[in-house]
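Here's the structure, in structure tokens; my notes come after.
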Amino acid sequence: MAMKSFSYAQGWTYDVFLSFRGTDTRRSFTGFLYHALCQKGINAFIDDEELKRGEEISPSLLKAIEESRISIIIFSENYASSTWCLEELVKILDCMKFKGQLVLPVFHYVDPSVVRHQKGSFGVAMAKHEDRFKNNMEKVQKWKLALFKAANLSGWSLDYGYEFELIQKIVEEVSGKLNQTLMHIADYPVGLDTRLSEVNSLLHMEPGEHIRMIGIYGFGGIGKTTIVRALFNLIANQLDAACFLADIRESSNQPKGLVQLQEALLFDLVGDKKIKLGNIYKGIPILKKRLCCKKILLILDDVDKLEQLQALAGGRDWFGAGSVIVITTRDKHLLATHQVEKTYEVKKLRHSEAFELFSWNAFKRKSPDSSYFEISHRVALYAEGLPLALKVMGSNLYGKTVEEWQDALDKYEKIPNKEVQHVLRVTYDNLEENEREIFLDIACFFKGETIEYVEKTLKACGFYPKFGISVLIDRSLITIDEYNRLRMHDLIQDMGREVVREDSPLEPGNRSRIWHPEDVFEVLTQNTGSSKIQGMMVDLPDHYMVHLTASTFKRMRNMKILIVKNAHIFGSPQHLPNNLRLLDWIEYPSSSLPSNFHPRKLVVLNLSRSCFTMQEPFKYWDSLTSMDLSHCDHLTKLPDMSGVPNLTELNLDYCANLEEVHDSVGFLDKLVELRASGCTKLREFPHVIRLPSLKNLILIWCSSIQRFPDILGKMENLVTISIESSGIEKLPVSIGNLSGLQELCMTSCLSLKELPKNLDMLQNLRNLEIEGCPQLRNSLKKLKDMGQHSPTFHNVDSLNLENCGLLDEDLPIILHSFPKLTSLDLSRNKFVMLPLCIQEFLYLQLLHLHDCKFLQEIPSLPPNLRFINASSCTSLNAKSSNLLLSQETFQERELHVRVPGASIPKWFDLCNKGEYMTFWVHEKFPVVALCFVFAVEGEMNKAFSYEVRFFIDGEELFGLEIPTSFSKMVTDHIWLFDLRTLSSFQGNPFDSYLGDNWNQVEISCDKMSEEVPNVTVSFCGIHVSKQGENSVRFTDPYLDFDSIPESDNSETEWKILTSNDKSVEDFQDFKDHLEACETEDSKMLDFWGNEIKTTQDDDEMEAFYASLDAETFVPLPSKDIKSVSELKTYIKPSEEIQKAWKTFQEFLTKDFSEMLEPKNYNTMKATLDCLSGLSADDGVSVEMRSVIIEVSREFTHWSWDYSNASKKMEITRASMLKVHEIAEGLEANKSHFKEVMTMKSELQSQLAYLEERKKELEDQINAIKSDINAFESANKIGTKRKREIFEEGKLLKAQRDELREQLPCLRDDCSLAEQIQTNINTEWSKLGEKIKNKSKYFLCEI
């Protein structure tokens, strides 16, 4: 019974698939092997016991093979008699080829050569199959080839000895193969065994415990990771899946680091590499759901935060029963917080272990020389058992004299040994100033960065990085990984950072380097920076907000490095240190640099993706060599650059709104690379350039540039000009000054009217690309008009004129003007015929004619042509196609052809259907040509890729694959090529893989992507050159030798066995009847479900078929075997007759199945013929002779009847098992139906709720719409009122203005009126006084 897998979704469902002949070994060797595998915890599949309900057996078996990591094939005597076994074998070998499945054969009392060459019982079986499947011989040949391949695989052979010993070996081998790829543990794993044993003891499952979660803690460099690597190697194969997540502390600090770790965990444990989680909170439920039923090993290395555990191993209910979770950390409290009860503290090495580890690192052996013995003990004591310190000090002292050791150790003694940092600090103290500064910069800023980036940055700071980094590697302080990135152990990095921190433990602003987010945040927000700061890396979490002030950077006047990777910064910097050498500020927040920023020593400036607009030119930036302003969308103009005379790199790529580049850029003498790709609005580019150092000028997709700059003076260093898809209308005559130009790309320059007349002056031009420029035919016409005086471009060897609208009359001009082309691309043009003169081009090797839909005729080919692509040339006539595919063409040259067609050329030696072919090679690999036919269903409108793979004797030749891409196709195509046309096959690399005898070679052409289902390989073929004909066979040479009969009458006898006699007819009728019954299974399902509740026991079935066997045999007449044996005492035969008689008696004691072996059968027939011919003169009685004749006559019939009975047993047993499975499938179907009904009910309830919710939301939406309409009406009224008020305001303003003009006059009138009033009042007052005075006299008189 097969063990049930915990996951059917991804990866291997089974560890091992067992392929065997049930009647031979099910109850013996195979059964015992299966039991032993299960006992070892290996998930093995054995044919019929664990198939999913309701499935047909054959598809289930094929699926089980596909989902098994290893297949074990048990070749027993009757293995080949079963077509099921042979089909299993073919499928297994396919999985070995395409899925990397491991295949292990076991030869159970069968010699491998018998299987390989189909001798003995295997030959008899295959002969029967040939007769039975005479209308499908391809299937039989496939079986034969599979037997041959499988017999050549490494495995086990059981000829004698104990089966249990072989089974034990197989189980051990399988267990080892199932182990995951072993991890590197350590160069010198001293003391590891003891610690690993102690950790392993914690994995014991306690009562009630379902998940084993242990924590390993200790300080950095103590060996935690080493222990868990060893533990991973030890137990990974005992669980369903294993995952080792290393450097979690480092990885989780990267953007979306925890999400990437979750995705890596899913990939390792369930094989899902396509899933994208997005965020950790989405990943948590997915992890829990996908892992809750899997028994896994998960190692989380170097965890330093609780959130990491919560995201990767949140609880014990995440994992299946029996899972093992191991966590390493420096923080013991973190384990307690996560309720990890089983913990292990990694202790320091004992002195003896430390001494040995130090010796290995310092002397590369277990113990030192006697002269170093005492001082080595002293070093081990000072290292205090820390493995990393022992390694570093050992490497540091390697190759030094005793006196040098003594000096170093004297210095060690001045530092407290309890502190790991002090031990490592000694190595740092021994560095020169250059190496010290480089080390500190790497520790603070550049761990994990590429070495190119680091060297560029450090060189900008005035260091010598190439030499300095090599010294640091020698001192074991840093390493370079396979991705060319700098790596540094955490402990060493902490030491370097601690060196910086010790400068000012409490005041980050007084340190030389700042990198920690909290310290950076404090310095930037509290303005605590000082002149001691030399470098700062700003890489803040998203929730940190920095508001810049005028004094943020003001006090950091000695800063050399400012790197801003990630930060939410508000405000613009009002001050930047003038001492900067590197300013790398992605998404710089301001449109300009501070006005007081004059960095005379700045070397590298990177302000990509920022708001920078560069309104003012840089002045006195003499040291600047690299400036990156790419993706600066606000940059509209690049001003005067004359103040940056030493600039070597200028990157303006994808500045979407850049319109103008100042003319001064054209006179930067040191400029090496100028890039402005994707600047679609760029119109003004320097009209004149004199750039003697320039190597690359890239103006791709600058569609608004119309004029290419004039070249002032010689520019001999310019190698590449690319103006693809630009708006340039004309190239200047001065382009002739580019004497060093090698590549000129003008693809899709639709505005370019003609080529410059003096293009022939570019003597070094090698590659000219004018693809997609049909208007350039005007230049060809001018060349034609010039006749013999037209220029020729002898130096150009590669010319691309794809999609240029070329006609027939253009081709002779092109060929005349470019006489020494080696590569010519004329694809997607309109000409009908290639000119005959093309045969005169001796240099042409590559000719591209893809998708030339009007091309009808190719009259001849250049003599040295090696590649011609005529794919999708659907009008090509038969004569031209035959020319490309003719044997004469390939005899004259080594050629590679692609052309429409649907069949392999007739001159090929081998043609197979499908993508696979095989042949045999002896001693030396011949010169061959390969051909593949691609069948296209409908149109193939996108490119696709295939890969040709090679195998010799079953071993794939990695490194010799031929991956090839094809453009779109509309019809079937032929791909034919001489292997010598491919550079990787120069010098015949196959010979090193060939043995002394015949070697089987397999070639396949496989899809590299399943996204192109409508393209398949319909035929494949091979042609061998005449010189190699004798070293190649297209049929198995070993099978040819086996076809020689062993005796004169063997062929006749075996023809009798395979003839269509009455027994064969009866058997065939029986088989046909069963097959007919199978078609009625669905109608009889209910009947079988009610009538058959359980299958018969195997013992009952064996007894049943034993009775059938007894009925099949024709019993002997009254002269049975006993009477025969009794008569022998009365016979006095000769020695020869006695030998025959003894052989006859020995055969009578054997099981009749053994008589079916060819050798035994022939011997028995010869014996019976010998005994049948005896007479009374030979001492044989008449009665005995008649018995022998009767046995001889019936022997052949018995043999055939016995074979028939075996087949009947196999077929009937399969049918009975099928009936049982159908019944079980019905029950499963009923259960599934109930589950679906329940799920449907739940969905209906959910749907009703959603409908109700939808109605509520619609009501809310309608209400909101009403509000919107009301607000819109109010808004219209407001707009109208606003207009009215505005008109009133205009009227009032007009009145006001008119009054303002009259105001002076009014003021004068007002003053005059006031004066008049005053005068009147004065006069009035005087009059009053006068009357008053007069009234006194008047009254007196009265």
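The chain is numbered in sequence order, starting from 1.
Shortest non-hydrogen contact noted between P517 and L540 is O-CD2, 3.5 Å. Across S551 and N527, no two heavy atoms sit closer than the pair OG-ND2, 3.3 Å. Scanning all heavy atoms of the two residues, the minimum distance from L390 to A380 falls at CD2-CA, 4.2 Å. The heavy-atom pair separating R600 from Y620 by the smallest distance is NH1-CB, 3.2 Å. Heavy atoms only, all atoms of each residue included: S572 and L548 are closest at C-CD1, 4.1 Å. Nearest heavy atoms, G496 versus A443: CA-CB, 4.2 Å.
Applying the 6.0 Å contact sphere to CZ of R609 captures no more than 12 heavy atoms from other residues, nucleotides or ligands. Residue-environment remark: NZ (K459) stays at or below the threshold of 12 foreign heavy atoms within 6.0 Å. Open room surrounds CD on E518; 12 or fewer heavy atoms of other groups in view lie less than 6.0 Å from it. Environment of CD in E616: sparse, with no more than 12 heavy atoms of neighbouring residues, nucleotides or ligands closer than 6.0 Å. Residue Y281 qualifies as open at atom OH: its count of foreign heavy atoms under 6.0 Å is 12 or below.
T613 contributes a side-chain N or O that, together with a main-chain N or O of S591, makes up a donor-acceptor pair within less than 3.5 Å. Judged by distance alone, with hydrogens and angles left aside, the side-chain atoms of N434 form a donor-acceptor pair with the main-chain N or O of Y464 at under 3.5 Å. Of the possible donor and acceptor atoms, one in the side chain of T625 sits under 3.5 Å from a partner among the backbone N and O of V603. Panel note: side chain D539, backbone K565; no donor-acceptor pair is recorded below 3.5 Å. Side-chain atoms of H634 never come within 3.5 Å of backbone atoms of C655 as a donor-acceptor pair (strictly under, hydrogens ignored). In this structure, E250 contributes its side chain and D247 its backbone to no donor-acceptor pair below 3.5 Å. In this structure a side-chain-to-backbone donor-acceptor pair under 3.5 Å is present from S530 to G509. One N or O on the side chain of N253 and one on the backbone of R249 form a donor-acceptor pair closer than 3.5 Å. Here the side chain of R581 pairs no donor or acceptor atom with the backbone of K560 at under 3.5 angstrom. Panel note: side chain N606, backbone D584; no donor-acceptor pair is recorded below 3.5 Å.
Cation-pi geometry between K224 and Y217 is not met at under 6.0 angstrom from the ring centre and within 45 degrees of the axis.
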Could you walk me through whether I438 and V471 pass the side chain to side chain contact (heavy atoms under 4.5 Å, CB included) check?
CA-CA 10 Å; I438 290 175; V471 172; over 6 Å; no

Yes or no on side chain to side chain contact (heavy atoms under 4.5 Å, CB included) for I533 and S512, after CA distance, side-chain angles and deciding distance?
CA-CA 4 Å; I533 296 177; S512 62; over 6 Å; no

Kindly determine whether V500 and C444 satisfy side chain to side chain contact (heavy atoms under 4.5 Å, CB included), including the steps that lead there.
CA-CA 9 Å; V500 176; C444 295; 3.9 Å; yes

What do the steps show when you test F553 against H575 for ring-ring contact (aromatic ring centres under 6.0 Å, His included), and what is the final call?
CA-CA 6 Å; F553 294 101; H575 179 87; 8.3 Å; no

Take L300 and V326 through the test side chain to side chain contact (heavy atoms under 4.5 Å, CB included) and record every step on the way to the result.
CA-CA 6 Å; L300 305 176; V326 183; over 6 Å; no

List the steps and the verdict of ring-ring contact (aromatic ring centres under 6.0 Å, His included) for W621 and F597.
CA-CA 10 Å; W621 289 40; F597 182 48; 5.7 Å; yes

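Using cut-offs of 30° and 60° for the angle between ring planes, the Y188 and W360 rings count as parallel. The aromatic rings of F363 and F358 sit perpendicular, their planes meeting at an angle over 60°, well past the 30° parallel limit. Aromatic ring pairs are classed by plane angle as parallel below 30°, tilted from 30° to 60° and perpendicular above 60°; the pair F232 and F244 is perpendicular. A perpendicular orientation is assigned to the rings of Y588 and W585, their planes being inclined by more than 60° (bins at 30° and 60°).
Judged purely by distance below 3.5 Å, without hydrogens or angles, the side chains of T528 and Q526 never pair a donor atom with an acceptor atom. Side chains of Q308 and S252: a donor-acceptor N/O pair is present below 3.5 angstrom, by distance only. No side-chain N or O of D653 forms a donor-acceptor pair with one of H631 less than 3.5 Å apart. Side chain to side chain, D301 and T328 meet the donor-acceptor criterion of an N or O pair below 3.5 Å. In summary, the side chains of T450 and N484 do not present any donor paired with an acceptor at a separation below 3.5 Å, with no hydrogens or angles considered.
The six-membered or imidazole ring of F355 lies near that of H377, with a centre-to-centre distance under 6.0 Å.
Tested against S251, the residues L261, D302, L258 include a single side-chain contact (heavy atoms from CB on, under 4.5 Å) partner, L261. Partner of V564 under the side-chain contact (heavy atoms from CB on, under 4.5 Å) criterion, chosen from V520, I586, I569: I569. Screening R513, R436, Q534 against D441 for a side chain to side chain donor-acceptor pair (under 3.5 Å) leaves a single residue, R513.
Expressed to the nearest 0.5 Å, how far CE of M559 lies from CG of L580 amounts to 6.5 Å. Atom CG of residue L334 and atom CG of residue D304 lie 8.0 Å apart, to the nearest 0.5 angstrom. Of the inter-residue distances, the one linking N361 atom CG with S395 atom OG reads 5.0 Å to the nearest 0.5 angstrom. Rounding to the nearest 0.5 Å gives a distance of 4.0 Å between NZ of K670 and CG of N646. Within the model, atoms CG of L486 and CD of E449 stand 9.0 Å from one another, a figure rounded to the nearest 0.5 Å. The distance from atom CD1 of I480 to atom CD1 of I469, rounded to the nearest 0.5 Å, is 6.5 Å.
At a threshold of 4.5 Å between non-hydrogen side-chain atoms, the residues K601 and N579 count as touching. Two residues are said to be in side-chain contact when any heavy atoms from C-beta on lie closer than 4.5 Å; I284 and Q262 meet this criterion. P387 places none of its side-chain heavy atoms less than 4.5 Å from the side chain of K391. Residues L605 and D628 fail the side-chain proximity criterion, which asks for heavy atoms closer than 4.5 Å. You'll find the side chain of M641 reaches within 4.5 Å of the side chain of L647, heavy atoms only. Taking 4.5 Å as the limit, every side-chain heavy atom of T343 sits out of range of all side-chain heavy atoms of I214.
At a threshold of 4.0 Å, the pair R195-E353 counts as salt-bridged, since one of the basic side-chain nitrogens sits closer than that to a carboxylate oxygen.
For the side-chain hydrogen bond (donor to acceptor under 3.5 Å, both in side chains) test, no residue two or more places apart in sequence or in another chain qualifies with Q574. Residues passing the side chain to side chain contact (heavy atoms under 4.5 Å, CB included) test with K347 are E345, sequence neighbours excluded.
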